[in-house]
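Counting from 1, the numbers follow the sequence of the chain as shown.
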Amino acid sequence: MEETSTMPDAAVPGPAPAVPPTPPVPLAALLAREDLGLRQIAGPQDSATVIHWAHTSEMADPYPYLLGGELLLTAGVHVPEAAGSGTYFDDYVSRIVEAGGAALGFGVAPVHDTVPRALVVACDDYGLPLVEVPPRTTFSGVARAVWQLMAQARHTELRRVTEAQQSLAAAAARPDPVPSVLRQLAQRVGGRATLYAPDGGEVASAGRMPGAGGAGGGGEVSGALAGLVAVVRPTTRDGSGGVNASGGGGGPTPSSASDTAAGVHLAAYALGTGQGFVLGVAAPRRDPGDHTIASVGAVLLSLLTGEHQSSTGAARSSALVRLLLGAAPEEVAPLLGGGERWVVVHARPDGPAPDAVTASALGAALGSALVDVDGDVVRVLVPAGHRELTVQPGWTCGVSAPVGAHEWASADTQAGRALSRARATRARLVRHGEHQGLTDLVPPTEAAAHARTLLAPITANPALTETLRTWLSLHGSWDRTAVALSVHRNTVRQRITRCATLLSTDLDDPDVRMELWFALRHA
């Protein structure tokens, strides 16, 4: 009997047959279709059994026509009359199992009134699910049901991937983008997501490590994931590529690799930054769409960890060296890609203390890669006029006045004071010197001379000067001044009392306060 098939060429025999790239359908879902009336009569009844295809064959040896993962349908036309007394069914079932077939469907009528008993025994022996197809159900109807279930699975998969993409994109826009993306990715795959540094150390992680080891998971799974991460990370000593996922060497470094350890599915993705960062993912199972979701996470993390303006990296390095060797700021400023005017921004996150990656993300949002993390504050040097500096969600910001490069230090002080005021007044963004006033009518040299004379008694103590400045800017509020300076309110009271004594003045007098504020602005 000649066989025809619309399937691809016969798969090359091997221990791990490939399955078609289609969403798997649980065999249990097919059995649950009341319109088909299918009944499993042999083999393991495992809810994890899935089928990727439905194929009809009446060949005594269907092996050459199977890709693996199929529900093979047959009416037993190929079965000889004496098959029950020999090894025919053993040979037949073993070949299906060897080809990777997922299940066997046997049609009752018109050739056989019942499923041969020897076939039932063989399927039990080889662990192949055997499904009885009743006379009223056609093989075409079974194949159509499989495709319908596949279409539903594909729709569910696409919806899941779309929702995951949206949630990952939203996480990347949060104040702590890297931890947020990792948390969202771990939640979507039901496992653990870890960002590895170029040296192999963990930068950040989220989720629970599946399998032995629990949330802190060291053990076999963590070790296997770290090993897989090393596979996809480019080597840096000689510039050659890493080994491939199967353990071979000499080829180009793969962008991703996957493996399994202790029943846990592992995947590693080299981020496209060229800096050696790698995303590692461990999940209890490999669901449809997981690879796509993890790839989206890898792309977002690549953007977050990459150089914001990689083309200016060499110029910034040159500027730093020149500064260290004694060059003036105005001499190196042109190397930084900005104009003649600059703005300094001090920003503090609402959440945990910022790390280098989070700071880089803020710099990207502000339009600058010139970023410094100083404790719980991020400082950003931004070219003035390139874009309007607006409120950054999740951050409290202080912005200096636009200055020339020779005034960077003054602008840094202005931004720090603006941030303190923003925190104390619970404003999201405060700019230094937003409004001009009468003090701008006084020549700066005369104002500075008056300030030096008036403030001389407290100038030697910067803590007193800064406390008085902050206290006056906050209208004499003890609590808000304490918040702005990160000290106790009693410390503020003691310092202000000391200022009043040294200055020999009454700080409750509004005229005195006004004059002192004028002096502090020009000190």
Side-chain angles (χ1 to χ4, degrees), residues 343-350 353 374-379 391 395-401 403 407-442 444-523:
V343 169
V344 176
V345 178
H346 280 211
R348 184 166 177 168
D350 296 343
D374 185 10
D376 58 357
V377 173
V378 175
R379 302 189 299 174
V391 173
W395 294 87
T396 300
C397 299
V399 181
S400 75
V403 299
E407 297 179 289
W408 280 346
S410 299
D412 183 54
T413 302
Q414 292 174 2
R417 291 172 180 167
L419 175 60
S420 295
R421 183 170 179 81
R423 292 185 59 225
T425 58
R426 297 183 179 180
R428 277 301 183 184
L429 186 147
V430 169
R431 303 176 189 272
H432 175 82
E434 287 183 303
H435 305 288
Q436 292 186 336
L438 293 176
T439 57
D440 297 300
L441 301 176
V442 181
T445 55
E446 295 182 16
H450 174 73
R452 285 194 298 270
T453 301
L454 182 62
L455 299 174
I458 63 172
T459 301
N461 192 330
L464 293 181
T465 304
E466 190 60 26
T467 301
L468 179 60
R469 182 195 313 276
T470 305
W471 182 74
L472 289 174
S473 73
L474 297 172
H475 311 291
S477 170
W478 309 107
D479 292 331
R480 289 194 290 174
T481 302
V483 171
L485 297 177
S486 299
V487 298
H488 195 276
R489 66 194 308 271
N490 289 341
T491 301
V492 176
R493 286 183 177 274
Q494 293 169 2
R495 291 178 181 177
I496 295 301
T497 300
R498 181 65 175 161
C499 288
T501 301
L502 292 175
L503 294 172
S504 301
T505 190
D506 180 10
L507 294 181
D508 290 331
D509 187 332
D511 290 333
V512 171
R513 292 193 184 192
M514 180 182 66
E515 187 173 7
L516 287 173
W517 179 248
F518 175 90
L520 287 166
R521 289 194 60 188
H522 293 85

I'd like to know whether Leu419 forms a side-chain contact (heavy atoms from CB on, under 4.5 Å) with Val345, so could you lay out the CA-CA distance, the side-chain angles of the two residues, the decisive distance to 0.1 Å, and finally the verdict. CA-CA 9 Å; Leu419 175 60; Val345 178; over 6 Å; no
So which heavy atom on [X] is nearest to which on [Y], and how close?
X      : Y      : result
Ala418 : Gly398 : CB-CA, 3.6 Å
Thr425 : Arg480 : CG2-NH1, 3.7 Å
Val430 : Ala427 : CG2-CB, 3.9 Å
Leu507 : Arg513 : O-NE, 2.6 Å
Ala422 : Cys397 : CB-O, 3.8 Å
Ala484 : Ala424 : CB-CB, 3.8 Å

Rounded to the nearest 0.5 Å, what separates atom [atom1] in [X] from atom [atom2] in [Y]?
X      : Y      : atom1 : atom2 : value
Asp374 : Asp412 : CG    : CG    : 8.5 Å
Leu503 : Ile458 : CG    : CD1   : 5.0 Å
Arg379 : Ser400 : CZ    : OG    : 12.0 Å

Contacts of type salt bridge (charged side-chain N to carboxylate O under 4.0 Å, His left out), residue Asp479, not counting sequence neighbours: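 Applying salt bridge (charged side-chain N to carboxylate O under 4.0 Å, His left out) to Asp479 gives Arg489.
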Asp376: salt bridge (charged side-chain N to carboxylate O under 4.0 Å, His left out) partners, not counting sequence neighbours: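 For Asp376, the residues satisfying salt bridge (charged side-chain N to carboxylate O under 4.0 Å, His left out) (neighbours in sequence not counted) are Arg348.
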Filter on side-chain hydrogen bond (donor to acceptor under 3.5 Å, both in side chains), then keep only pairs touching residues 494-505, sequence neighbours left out; what's left?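 Listed by first then second residue: Thr467-Arg495.
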Is there any side-chain hydrogen bond (donor to acceptor under 3.5 Å, both in side chains) pair reaching into residues 450-462, and which pairs are they, with sequence neighbours excluded?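 Residue pairs passing side-chain hydrogen bond (donor to acceptor under 3.5 Å, both in side chains), neighbours aside: His450-Glu515.
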Determine, stepwise, if the pair Val378 / Trp395 fulfils side-chain contact (heavy atoms from CB on, under 4.5 Å). CA-CA 10 Å; Val378 175; Trp395 294 87; 3.9 Å; yes
Which residues pass the side chain to side chain donor-acceptor pair (under 3.5 Å) test with Asp350, sequence neighbours left out?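 Here the qualifying residues are Arg428.
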Sub-3.5 Å donor-acceptor pair from the side chain of Ser420 to the main-chain atoms of Leu485, do we have one?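 Not confirmed, Ser420 side chain does not pair with Leu485 backbone.
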Just by distance, do the side chain of Arg431 and the backbone of Ala401 share a donor-acceptor pair under 3.5 Å?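 Such a contact is absent between Arg431 side chain and Ala401 backbone.
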I'd like to know whether His432 forms a side-chain contact (heavy atoms from CB on, under 4.5 Å) with Ser410, so could you lay out the CA-CA distance, the side-chain angles of the two residues, the decisive distance to 0.1 Å, and finally the verdict. CA-CA 11 Å; His432 175 82; Ser410 299; over 6 Å; no
Could you go through residues 468-475 and list every donor-acceptor pair under 3.5 Å that involves a side-chain atom there, pairing it with any protein atom two or more places apart or in another chain?
from, atom 1, to, atom 2, distance (Å)
Arg469, NE, Glu466, OE1, 3.4
Arg469, NH1, Leu520, O, 2.8
Thr470, OG1, Glu466, O, 2.9
Trp471, NE1, Gly476, O, 3.2
Ser473, OG, Thr470, O, 2.7

